[in-house]
Amino acid sequence: MPWSDFLRRHLPLVLLLLATACGTLPQPYRGNPGGEAARLALPPAYRIAVVKPTDAMLSDEASKDLAEAMAIALRDAEVPATVTAPLPLDLRLTIVAQRPDANRNTVVPRYTLYDADGASLASNTGAPVPLKAWASAAPSVFKSLGDRDAPNIAKLLSGIEAARKESHPQSLTGKAAPRLRLVPVKGAPGDGNAALTARMEEFLTKRGLVPQNNAEGADYGVEGRVTMADAPNNQQRVEILWIVTRRDGQEIGQVLQMNEVPKGSLNRFWADVAYVVADEASAGIRDVLRNAGSPPGPQQAPEPPPRGATPAAAPVAPVSGAAADLPLPTPGRGRTGP
């Protein structure tokens with residue numbers, strides 16, 4: 001029988017089998033996805049192609065080893081990643097390494113995420129690596145680097161994905177939410193600086209923004225400053241000021257939080273205090289951006305004012321409606337740090 005006649009006669013049966021393949025036919029892979037899929041608790045709707053570095057002060061072979069180590073570390077962080085040639089819809093991760101002028105005996109890696117069209121989505125800078133260790137190109141060095149930096153790259157992806165869900169379905173294809181350089185908090189005693197910074201990164205992400213730790217490609221900067229002062233009745237006055245600026249240096253708003261706590265109660269651990277502070281203040285920062293015309297979702301940074309024009313006064317955004325005071329919880333209860 002000619003092949004064409006066979007197809008005409010049997011094609012309806014073939015199509016029926018395909019349509020019912022997920023119904024009554026045996027499904028040996030249900031609940032057993034195998035491969036990398038089994039390692040991902042919730043496989044996201046993207047894949048990362050780790051591009052072999054060409055500007056990392058490494059040989060071709062060592063550059064490939066670095067890319068593979070980073071892909072493995074990303075998969076361990078539940079991010080689907082590969083070093084194969086990018087597919088049409090893959091995100092790309094590039095790695096660039098430089099020796100900073102401040103310390104020529106170290107190498108600083110920088111990671112940038114691009115969408116499939118080549119638009120930069122977010123960027124992070126890793127901690128310095130001793131030059132001697134980097135030059136050795138030892139597998140253990142690349143593994144340690146991946147284990148250290150992959151979780152931060154995963155956080156960038158979480159921010160991009162949150163922005164997509166929060167605001168616009170095209171955020172992963174080049175129309176990303178505002179990117180904020182989150183400067184580490186200063187002035188808090190105990191673990192306050194680290195705890196506040198970590199929690200703020202977490203809540204900015206949840207609110208559809210993309211925080212990163214460097215200035216590359218960032219639309220805005222956010223920095224937190226903590227001031228502690230003695231108050232009557234064995235209390236301490238806590239003021240936390242979050243300042244939002246844009247790329248041209250213009251301050252576009254502030255979020256101010258104030259309260260009094262028992263003296264010394266924040267000398268060590270901030271715990272649930274940092275959680276509540278960041279939760280409330282991140283909403284204020286989002287409102288500052290919205291008032292400046294840059295809500296989560298597709299946006300462009302505002303144009304700088306004309307030369308010679310007097311800038312408008314930067315608004316101060318209260319954190320809870322009309323109330324500027326934040327009811328800080330009792331330290332030591334509830335959540336336990338960053």
Side-chain angles (χ1 to χ4, degrees), residues 77 102-103 106 108 124-129 144-145 147-156 158-159 162 180-207 209 211-214 221-245 253-286 288 316-320 323-338:
N103 188 350
T106 62
V108 176
N124 253 359
T125 298
V129 177
S144 297
L145 185 76
D147 292 343
R148 183 193 70 184
D149 292 346
N152 292 326
I153 296 171
K155 289 181 181 179
L156 287 182
S158 297
L180 314 176
R181 182 189 183 187
L182 178 58
V183 179
V185 175
K186 297 178 181 179
D191 70 348
N193 292 335
L196 288 168
T197 302
R199 291 308 188 196
M200 179 57 74
E201 179 183 24
E202 173 186 335
F203 278 102
L204 288 175
T205 296
K206 289 181 178 179
R207 298 193 187 282
L209 302 168
Q212 58 184 56
N213 69 359
N214 60 21
V222 176
E223 54 182 315
R225 302 172 184 174
V226 180
T227 302
M228 310 281 289
D230 290 342
N233 301 319
N234 201 35
Q235 298 285 298
Q236 264 184 321
R237 183 172 180 81
V238 183
E239 294 188 6
I240 307 175
L241 179 64
W242 304 91
I243 303 172
V244 184
T245 53
Q254 299 180 352
V255 176
L256 179 62
Q257 298 166 289
M258 300 179 292
N259 213 318
E260 291 185 359
V261 298
K263 187 174 182 179
S265 61
L266 295 178
N267 282 354
R268 295 184 62 192
F269 304 116
W270 283 59
D272 53 355
V273 172
Y275 185 92
V276 173
V277 166
D279 185 11
E280 297 289 345
S282 62
I285 291 170
R286 179 198 56 197
V288 167
V316 177
V319 296
S320 300
D325 286 342
L326 178 66
L328 299 179
T330 302
R333 297 189 307 176
R335 303 182 183 271
T336 56

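The structure displayed is predicted, hence computed values, not measured ones.
N193 places no side-chain N or O within donor-acceptor distance of the main-chain N or O of P184, the cut-off being under 3.5 Å. No donor-acceptor pair closer than 3.5 Å links the side chain of Q254 to the backbone N or O of L241. Between the side chain of W270 and the main chain of A194, no donor-acceptor pair closer than 3.5 Å is present. Without hydrogens or angle criteria, T197 side chain to V185 main chain gives a donor-acceptor distance under 3.5 Å. Within the 3.5 Å criterion, the main-chain N or O of N213 finds a donor-acceptor partner in the side chain of N124.
With rounding to the nearest 0.5 angstrom, the CG atom of D230 is 12.5 Å from the CZ atom of R237. Distance CD/Q236 to CE/M228: 4.0 Å, rounded to 0.5 Å. In this structure, the separation between CZ on R207 and CG on L204 is 8.5 Å, given to the nearest 0.5 Å. Taking NZ from K186 and OG1 from T227, the interatomic distance works out to 12.5 Å, rounded to the nearest 0.5 Å.
Counting only heavy atoms from C-beta outward, the side chains of R225 and W242 never approach each other to under 4.5 Å. V288 places a side-chain heavy atom less than 4.5 Å from the side chain of V255. A heavy-atom distance below 4.5 Å is not found between the side chains of E239 and Q257. Side-chain contact between L256 and I240: absent, with no pair of heavy atoms (C-beta onward) separated by less than 4.5 Å. Counting only heavy atoms from C-beta outward, the side chains of N259 and V238 never approach each other to under 4.5 Å. Residues V277 and L196 meet the side-chain proximity criterion, which asks for heavy atoms closer than 4.5 Å.
Test L180, D279, T205, I285 against M200 for side chain to side chain contact (heavy atoms under 4.5 Å, CB included) and you get one pass: I285.
Residues E201 and R199 are not paired through a salt bridge, judged by the lack of any N-O separation under 4.0 Å between the basic side chain and the carboxylate. With salt bridges taken as basic N to acidic carboxylate O contacts below 4.0 Å, none links R268 and D191.
Between A231 and E260, the shortest heavy-atom contact is CB-OE2, 3.8 Å.
Evaluation of the side-chain contact (heavy atoms from CB on, under 4.5 Å) rule for P151 yields no partner, not counting sequence neighbours.
In summary, the side chains of N214 and Q212 do present a donor paired with an acceptor at a separation below 3.5 Å, with no hydrogens or angles considered.
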